[in-house]
Structures are given as C-alpha cells and as structure tokens.
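For ligands, and for the atoms within them, numbers begin at 1 and follow the listed sequence.
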Amino acid sequence: MINVFQPSLGSRELDAVGEVLFSNWVGKGKRTERFEAEFARHLNVPANRVMTVNSCTEGLFLSMELVGVGPGDDVVLPTVCFVGAGNAIAARGARPVFCDVNPRTLNPSVDDVEAALTKTTKAVIVLHYGGYPGDVAQIAALCRDRGILLVEDAACAVASRVDGKACGVLGDIGVWSFDGAKILVTGDGGMLTARDPELIDRAGKLAYHGLEQVSGFATASQSSTRWWEFQLSSFSRRSVMNDIQSAIGSVQLERLGDFVSRRREVVHRYDEMLRGVPGIRIPPPLPANHESSYYFYWVQFDGDIRDQVARDLYDAGIYTTFRYAALHHVDAYRWRDPLPKADQAVTETLCLPLHQALSDDDVDTTVEALLAAVRRQRPSSATRRYTVDSMPGGVR
Ligand SMILES: Cc1ncc(COP(=O)(O)O)c(C=O)c1O
C-alpha cells in the first residue's frame, strides 16, 4: 500500500531515544528544555515563548483557556478545520462560528473571516491548509485592528513562512502537532507558542496540575526545606511532553529541511504530470512570499466522482483521504447557515499520498492509477498529458 502520510524515523532517532533511556530520566526534563530551545530558534522567537505539550489538541484546549474564552463568547474558525479546534471552543461553553473557505485553497480568505465576526467574537482560530499559509498575515492584521485574539493551529505548517516569518507566530498563540501523521513526528506531542511570555508561564502551570511551582524537587536555592509541599493556581491536568519524545523531536527538527525539500520535489512531480489534465485541478500556485511545508497535495474533480476515485485508488493499493470534513455538518455544533464554497470544496477534493519517503515511482504509480480512475468515470477526460519519460525538461 502507498500511504497517504508516513513518518521518517530511523537509527538517529533510535540512538537519541537510547541516550534518554540510559540517562535514567525519561520524564519532562533537560532534553525537553533543549527541544523547546531548538524549536524557538526554528521559529525565530525567544525560548521563553514556547512550551511543549502532549498534543496539539491539548494546545488548542489550552489556547482557549489562556485567552479567556467562555460562555457568551464567539470564536470564528473555518469549517474546514480539525475537530479539536471546534471542541476546544465548545468545551469552554463558547460558540464556534464557522466561516467559509476558498474552494481552491481550502483556506479562509480575510473576507471570509471578517464576514463571520460578531459583536461577541473573542478569538479567531485558523489553520494553514496543507501547509499553505493562505491569508494568515491579513487575518492577523484584521484581528489586531479589531482587538480580537488570533490562534494559529499550525499543525500543517511546521516549516511554513510568510515573508520569512514562521506561521504560528503571526497571531497571539500558535500550536503544532507532532503526532504520527505529521511531518515532524515524535509519536505524540505538540508545541505551543504565545506572543506574551506570561501566557507561557500560565500554560506551564495549567499543563502541570495547576501547581504554582512546577518543579517538585529540592534545589540548593530553595528556601523551604519541605520541597514536597505545594500551592495551586488552578485545578488543572497534566499534559506535558517527555524527554523520550523530545529527543526524537530534536533529531526530526534537524531533518526537517530535507523532509520539506523532498516533499517539494514530490509536489512538483505531481504538478508537472497533472497540470492541464481535463477534469482534474491541482492546487493553486504558492504566492512568491509564501513558503509551504507541503503537508497535503490535493486534487479536485469536476462533478461527483471523488468518492469513487478514492475507492478505485484504494483498490489499486493507494491510500488517499480528505482533510478536513466540514465541521458545520457535525450535528453537535448545531450550525444552521449555508457555507457553499466549503461545501463545494469538501465534495470535490482528495488528498493524494504526500510524504518524504515517496519515490518517484510511487508518484508515477499514483498518477497512473488516478488518471485511470478518472477515465473510468469520465471517459473523455483525464487523458495523460505527459508520460513520465516524455516530460519536457524532466521533473523539477
Ligand atoms: C490541523 C490539525 N490540528 C490539530 C491536530 C491535532 O493534533 P494532535 O494529534 O497532536 O492532537 C491535527 C491532527 O491531525 C491537525 O491536522
């Protein structure tokens, strides 16, 4: 089976984990501190503005708590969004307000977000669909103007940038995922950043039972002789990442540039083979000042053939999927208003395999099977434009 997503983990990660195991300290400790500092450098922010968490979902829940969202507040988010974002809003007793998305990029435009703002909008959550930054810079400016907090779910965008600035640091809070389907993988895990370091202090307490003082260990400087006593700042939970995960994260971060380069090559190969094929649309080009992590590669079809194409590809040993099923159709969110552009996108779009371990042969096999599947549905379309060997100038 050709996987749609796949991590690249190997001997370097194994060695790093081995070191942690033999160090006799596998909880959150020095390795995690180091990974946080490295990730802060990757984002080009001070180290006191980032903190690991045990998942991006937890980061989303924390973010809503940190910005003080509660009953009576609205939080705007695109309907094409990860379910954890909707849940993080609803779990605070606030109302998720879904906005429409651009049907080609699946990101909301700044106008889509603006149209959804209400008098009681306290925050906006956006993601960067497939790693494409979209209008996030303009959305950040809109939120600043209106005094609304912006949370970036940067799970797709670990290496994405706008004008050289990392996605995830353009708003007030950013969160990342390192789960097994992401580009940078630590098994499970995540990162949270905040513009205001005070929010990181609070997040640290919330992620560790609400303890006033996070370390429960004796230190030379401690005035109390009873280091096991504590006070609480809130009633909270435990959602930390450990040194085993962080050791993997450090190695993955070093490899991230190579991962993204290979993903870019795969995307170019898909683009070259699929551009201009009747009945299939490829993702719009990336604006010159944007960098993508290339997390998803998606195609869109004319007419109602997506589901059958996905089935045919599965039968041919190629796993595809669609991210993210529209949240405004989930009954629990009780949404009523139509979002026609998103409805169009979620019925036409299919995410093809994209990961750094894909070979050129895998890409070619996927394209062949895709074109055959489309031809079965629409005999007149999906004529292959180039054969792999006859591609002019080869594949970039
Ligand atoms: C955009 C987005 N946000 C958040 C998450 C949640 O990440 P985690 O599995 O680390 O909780 C995911 C996971 O698929 C995601 O795709």
### Query
For ligand 1, which atoms, with element, lie under 4.0 Å from some heavy atom of Ser177?
7 (O), 8 (P), 9 (O), 10 (O)
### Query
So, the side chain of Trp335 versus the backbone of Thr79: is there a donor-acceptor pair under 3.5 Å, distance only?
no
#### Entry: atom 3 (N) of ligand 1: nearest protein contact (heavy atom, Å)
Asp153 OD2, 2.6 Å
### Query
Can any side-chain N or O of Asn289 pair as donor or acceptor with the backbone N or O of Val162 at less than 3.5 Å?
no
### Query
What part of Ser55, side chain, backbone, both or neither, has a heavy atom within less than 4.0 angstrom of ligand 1?
both
### Message
Could you go through Leu370 and Leu352, starting from their C-alpha distance and side-chain angles, then the distance that decides it, and tell me whether this counts as side chain to side chain contact (heavy atoms under 4.5 Å, CB included)?
### Response
CA-CA 9 Å; Leu370 173 70; Leu352 300 184; 4.1 Å; yes
### Query
Asn102 and Asn107: side-chain hydrogen bond (donor to acceptor under 3.5 Å, both in side chains), yes or no, with the steps?
CA-CA 6 Å; Asn102 178 313; Asn107 269 322; over 6 Å; no
### Task
Determine whether the side chain, the backbone, both or neither of Thr57 has a heavy atom under 4.0 Å from any heavy atom of ligand 1.
both
### Task
Please say whether Phe178 places an N or O atom under 3.5 Å from an N or O atom belonging to ligand 1.
no
### Residue, atom name and distance, where the atom is the protein heavy atom closest to atom 16 (O) of ligand 1
Tyr324 OH, 2.5 Å
## Note on the structure
Filtering Gly189, Ala155, Gly190 for the heavy atom nearest atom 2 (C) of ligand 1 leaves Ala155
### Summary
Which of Arg306, Arg104, Arg323, Gln300 passes side chain to side chain donor-acceptor pair (under 3.5 Å) with Thr349? It is Gln300
#### Entry: ligand 1 contact on Arg323 by region, counting heavy-atom pairs under 4.0 Å
neither
### Minimum-distance protein heavy atom relative to atom 9 (O) of ligand 1
Asp179 OD2, 2.6 Å
### Task
Give the residue, atom name and distance (to 0.1 Å) of the protein heavy atom nearest atom 14 (O) of ligand 1.
Lys182 NZ, 2.8 Å
### Query
Where does the angle between the aromatic ring planes of Phe5 and Tyr295 fall among parallel (under 30°), tilted (30 to 60°) and perpendicular (over 60°)?
parallel
### Query
Should one rank Tyr295, Phe82, Trp176, Phe296 by closest heavy-atom distance to atom 6 (C) of ligand 1, which comes out on top?
Phe82
### Task
Begin from the C-alpha positions of Asp74 and Thr121 and carry the test side-chain hydrogen bond (donor to acceptor under 3.5 Å, both in side chains) through to its verdict.
CA-CA 4 Å; Asp74 285 349; Thr121 302; 4.7 Å; no
### Query
Got Leu327 and Val83 here, is their nearest side-chain heavy-atom distance under 4.5 Å?
yes
